[in-house]
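Remember, it's a predicted structure, so these values are computed and weren't measured experimentally. Chain letters run A, B, ... following the sequence lines, proteins first, then strands; residues in each count from 1.
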Amino acid sequence: MSEAKRSLNFIEQIIEEDLTNGLSKDNLRFRFPPEPNGYLHIGHTKAIGISFGLGEYYNAPVNLRFDDTNPAKEEQEYVDAIKKDVAWLGYKWEKEVFSSDYFQQLYDWAILLINKGKAYIDSQTSEAMAEQKGTPTQPGVDGPYRNRSVKENLDLFARMKAGEFNEGEHILRAKIDMKHVNMLMRDPIMYRVLKKEHHRTANDWCIYPMYDWTHGESDYIEQISHSLCSLEFKPHRALYDWFLDQVVDPSKIRPKQREFARLNLSYTIMSKRKLLKLVNEGIVKGWDDPRMPTISGLRRRGYTPNAIRKFVHTVGVAKRDNMIDVSLLEFCIREDLNKIAPRVMAVLNPVKLLITNYPDDKVEWLEAENNPEDVSAGSRKIPFSRELYIEKDDFKEIAGSKFFRLKLGGEVRLKNAYIIKANNVVKDSSGNITEIQCTYSEDTARSIKGTLHWVSIAHAVKAEVREYDRLFTDETPDSHQDIDFMTFVNPNSLKTINAFVEPSLKESQVGDRFQFQRLGYFNVDDDSNTNNLIFNKTVGLRDTWAKIKPQQNTNKPQKKQVQQSKRPAIEQIKSYGKKYDRMQDEQREKAKAEIKELAKNVSYEDLEPLFGTAVKKAGTRIITMISLGVLLNSGLEKNEDISNFIAKALEDKNALLVEEAKAIS
RNA sequence: UGGCCUAUGGUGUAACUGGUAACACGUUUGUUUUUGGUACAAAAGAGUAUAGGUUCGAGACCUAUUGGGCCAACCA
């Protein structure tokens, strides 16, 4: 399509470069390598979208590889769930493979390394080894077993495999460099003894390879050309390459690891461990609870694969940390559902409406369009009668001119039906409205500002509607070092509503998606059946009326501001300099006061470099002048540099600068 | 007292080998509308972390700072 001018992300640029440097397009191959220790979540969709997206773009194969090297945490249940989720997203993998498929090859290569003197058996406790490892700022030291003979290493390793040792007694380490600046290169562990049953290899092995030893070699075995992962693996790249160096055949494809920034979504957590905690502690009903950011949760909530793929694409790929607003996800799902979801009517919070001039026993089946965005969706019939439900929110006895809904003496259109006028209300003893009395008019051609949805009471079907709010009340629940993420759990994330829906919904099936007109998008929950209809609210409609109404819950924590206040005073002052000379008078006064306050925490050494600021950058020179004034006031002696700076400013053509200079000269 | 990564509107991503910043979301306004939805139109919002330098010209190149992130599991 319009690919020609499309700008490439940095990974695509790397691939294009490799292609122009002689890599054959046929050799392009990718992989998505989840560990089967939990369910996939929205964060994974980025990694999936990148690798599988590349596969689609270049028409190259993509393997689905389960990185199952730790039998203590991995289960078949997760393998099945992951396959289901990836397939549901609409991606097709070339091969389904497992790291455990390569256990024998990995073992053989390990022996090769031992023979080359590049690996040895260490027999210390993990504490002793950790101590020798040093810290990021301190080099490590060699351990006592580092120079064991090849023969002894071979013998010990064979006996490890044979199950002669208990967990923790011996491990196999690569022999690299205990003083390396990269801690991962300080003789990393390749194999440990683990007497656990593996979900695929059962008890065939009692030694298991570590991630670093496994990953690059697996990529190489599969001849993956580009191995894409998230940024936290950047430090592993050196080791990835080192392990590859030991076994690589130059005539074959040598995989390249490249890293991108992972996806962060506001108000949600992405850690599998923490997600598991929500499940285990019963905060949610399971991995597929519609409030969960898991793919299965989103699916149950009513999200479409299209919407999620669109979202991932829109988010883009780069290397800087990001925090994506949930509103973008919501936009993507609305956009998709708007095109495909049939429109129906449902009342969630009912109040009775009586049409006094409509015959008691009359029922009309009125024509209703199924989807204005899609004429081929056709139409259906809905029943209209004397007694209806409308939303409580859609009626007010007295209201201003901005209220387009029903008020006493006012007129409104009932969607797909007639125009009505409210004449009277009936209230109970405590003043609640129990009935609104109206008259209707069959002249529907008139133009009327408001249109309401409704259901006929006699025909309405009862249904349970589950409305969800965000699971956490904080924008970044798991990034507070002193506060546990569980304290931000929103106690009101689920609201169960007894609603009334139009009769055509009686036959709806699990998974069906609808737009409840004027309310939002809903789908039929997995728990639903014909006798007990249950809907999930996927997402509300965009609601400009809600913005007009006064709100209380929208004060977002201003992250940027918080960060800014932690910056050194001089940095904050500098950022004022950029715009100072362009500010409105009032703003400028405020800024000036702020600068004077900040300047109290600034030393002369901080300020001095700014004296050299280019002439054209008047703003910076002004804020420097103001800060200098504060310093002089608190006892700083004038020196030659200061005098020169002031003298030069006095001759400047910027009036503000001259003014500030005069003030302190 | 280390290494690596990173810094562009409120958010996310762009900007071909240097030519003063684009797209999407969000925000605001208007038009259309039997959904306060959708669609359409428009507006506001960034001197590209800071300072210095190279250059006729720097978001891009150089230098020095300053934020932020990652790295010490027999996890992946």
Side-chain angles (χ1 to χ4, degrees), chain A residues 5 7 9 33-35 37 67 69-70 72-74 122 126 129-130 133-140 167-168 170-171 180-184 186 189 191-194 208 210-212 214-215 231-238 259 261 266 272 314-325 327-328 330-332 334-335 338-339 343 345 369 372-373 402 404-405 413-417 419 444 447-453 515-520 540-548 556 558 560 563-564 566-568 570-571 574-575 577-579 582 609-610 612-614 617 619-620:
Chain A
K5 273 286 175 184
S7 65
N9 66 46
E35 182 189 10
N37 67 342
D67 213 349
T69 57
N70 185 2
K73 292 202 289 180
E74 295 148 7
D122 200 332
S126 57
M129 289 184 354
K133 203 163 186 180
T135 70
T137 53
Q138 276 180 314
E167 293 183 12
H170 304 281
I171 50 123
H180 204 286
V181 287
N182 183 343
M183 303 240 355
L184 287 158
R186 325 242 256 232
I189 296 171
Y191 272 95
R192 77 286 211 189
V193 173
L194 232 40
Y208 290 92
M210 301 288 288
Y211 164 84
D212 287 297
T214 309
H215 206 94
L231 231 35
E232 57 267 35
F233 289 97
K234 178 70 219 277
H236 292 253
R237 187 149 115 196
E259 311 82 9
S266 61
K272 280 193 219 173
T314 310
V315 152
V317 182
K319 287 168 88 166
R320 67 177 127 154
D321 293 326
N322 56 72
M323 175 62 70
I324 284 125
D325 202 289
S327 66
L328 183 62
E330 293 181 345
F331 163 78
C332 292
R334 283 194 193 107
E335 189 190 38
N338 176 50
K339 282 180 254 157
R343 316 287 133 124
M345 294 202 284
E369 195 179 21
E373 304 291 319
K402 279 188 184 162
F404 304 154
R405 286 111 105 133
R413 185 190 300 277
L414 292 176
K415 179 81 183 171
N416 302 313
I419 291 170
T444 58
S447 131
I448 289 282
K449 188 69 180 168
T451 301
L452 307 185
H453 60 277
Q515 184 195 93
F516 290 1
Q517 282 182 114
R518 301 213 302 132
L519 296 175
L541 255 25
R542 234 179 118 242
D543 189 353
T544 43
W545 170 240
K547 286 176 201 152
I548 301 168
K556 291 184 183 175
Q558 300 219 325
K560 202 87 176 182
Q563 274 181 5
Q564 203 163 51
K566 277 189 281 187
R567 294 168 62 204
I570 187 66
E571 291 299 319
K574 280 185 197 167
S575 61
K578 259 178 150 176
K579 23 192 163 159
R582 291 179 303 134
L610 297 184
T613 303
K617 294 180 181 172
T620 303

In whole angstrom, what separates [X]'s [atom1] from [N]'s [atom2]?
X	N	atom1	atom2	answer
A:I448	B:U34	CD1	C1'	10 Å
A:L541	B:U33	CG	P	19 Å
A:R405	B:G37	CZ	C1'	12 Å
A:M183	B:G2	CE	P	16 Å
A:H180	B:C4	NE2	C1'	12 Å
A:R320	B:A14	CZ	C1'	10 Å
A:Q517	B:U33	CD	P	17 Å
A:F233	B:U6	CZ	P	18 Å

Whether the side chain of [X] engages the backbone of [Y] through a donor-acceptor N/O pair (distance < 3.5 Å, no angle test) should be reported.
X	Y	result
A:R186	A:T135	yes
A:Q138	A:G134	no
A:D212	A:H236	no
A:R334	A:G540	yes

Touch class at under 4.0 angstrom, heavy-atom based, for [X] against every strand present:
X	value
A:N182	nothing
A:K402	base
A:E167	nothing
A:R413	base
A:K415	base
A:I171	base
A:A318	sugar-phosphate
A:P372	base

For [N], does either OP1 or OP2 sit under 4.0 Å from a side-chain N or O belonging to [X]?
X	N	result
A:R518	B:G36	yes
A:K547	B:U27	yes
A:T69	B:A76	yes
A:R343	B:U34	no
A:T544	B:G37	yes
A:K319	B:C5	no

Nearest-Å distance once atom [atom1] is located in both [N] and [M]:
N	M	atom1	answer
B:U38	B:A76	P	47 Å
B:A43	B:C5	P	42 Å
B:A14	B:A49	P	15 Å
B:A39	B:A44	P	22 Å
B:A21	B:G2	P	40 Å
B:U1	B:U6	P	26 Å
B:U20	B:A58	P	11 Å
B:U66	B:U50	C1'	7 Å

Candidate nucleotides [options], ranked by approach to the side chain of [X] - the nearest:
X	options	answer
A:W545	B:C25, B:G36, B:C70	B:G36
A:V181	B:G3, B:A76, B:C74	B:G3
A:R542	B:U38, B:C4, B:A72	B:U38
A:I324	B:G12, B:C25, B:C70	B:G12
A:N9	B:A76, B:A14, B:A72	B:A14
A:K73	B:C74, B:C5, B:C75	B:C75

Distance, nearest 0.5 Å, that separates [atom1] of [X] from [atom2] of [Y]:
X	Y	atom1	atom2	value
A:K415	A:Q517	NZ	CD	5.0 Å
A:K73	A:K272	NZ	NZ	8.0 Å
A:T451	A:R518	OG1	CZ	7.5 Å

Considering Watson-Crick and G-U wobble pairs with both distances under 3.5 Å, what does [N] pair with?
N	result
B:U11	B:A24
B:C61	B:G53
B:G2	B:C71

Would you call A:L452 and A:R405 a side-chain contact if the rule is heavy atoms closer than 4.5 Å?
->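 They are in side-chain contact.
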
Nearest-nucleotide comparison on RNA chain B, the residue closer to the 5′ end among A:Q515 and A:M129 |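 Here A:Q515 is the residue nearer the 5' end.
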
When you match A:A130 and A:E35 each to their closest nucleotide on RNA chain B, which lands nearer the 5' end?
->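 Going by which nucleotide is closer to the 5' end, it is A:A130.
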
Would you say the side chain of A:E373 and the base of B:G37 hold a donor-acceptor pair, judged only by whether the two atoms sit under 3.5 Å apart?
->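 Flag set: donor-acceptor pair detected.
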
Hey, does the side-chain of A:E369 have a donor or acceptor N/O within less than 3.5 Å of a partner on the base of B:U34?
->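 No.
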
Does the side-chain ring of A:Y211 sit on the six-membered ring of the B:A76 base, less than 5.5 Å centre to centre and under 30° in tilt?
->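 Ring-base stacking flag not set for A:Y211 and B:A76.
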
Can A:F331 be classed as stacking with the base of B:G26, given a centroid separation cut-off of 5.5 Å and a plane angle cut-off of 30°?
->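 Given the distance and angle limits, no, they do not stack.
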
Could you check whether the rings of A:F233 and A:Y211 sit parallel, tilted or perpendicular, using 30° and 60° as the cut-offs?
->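 Tilted.
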
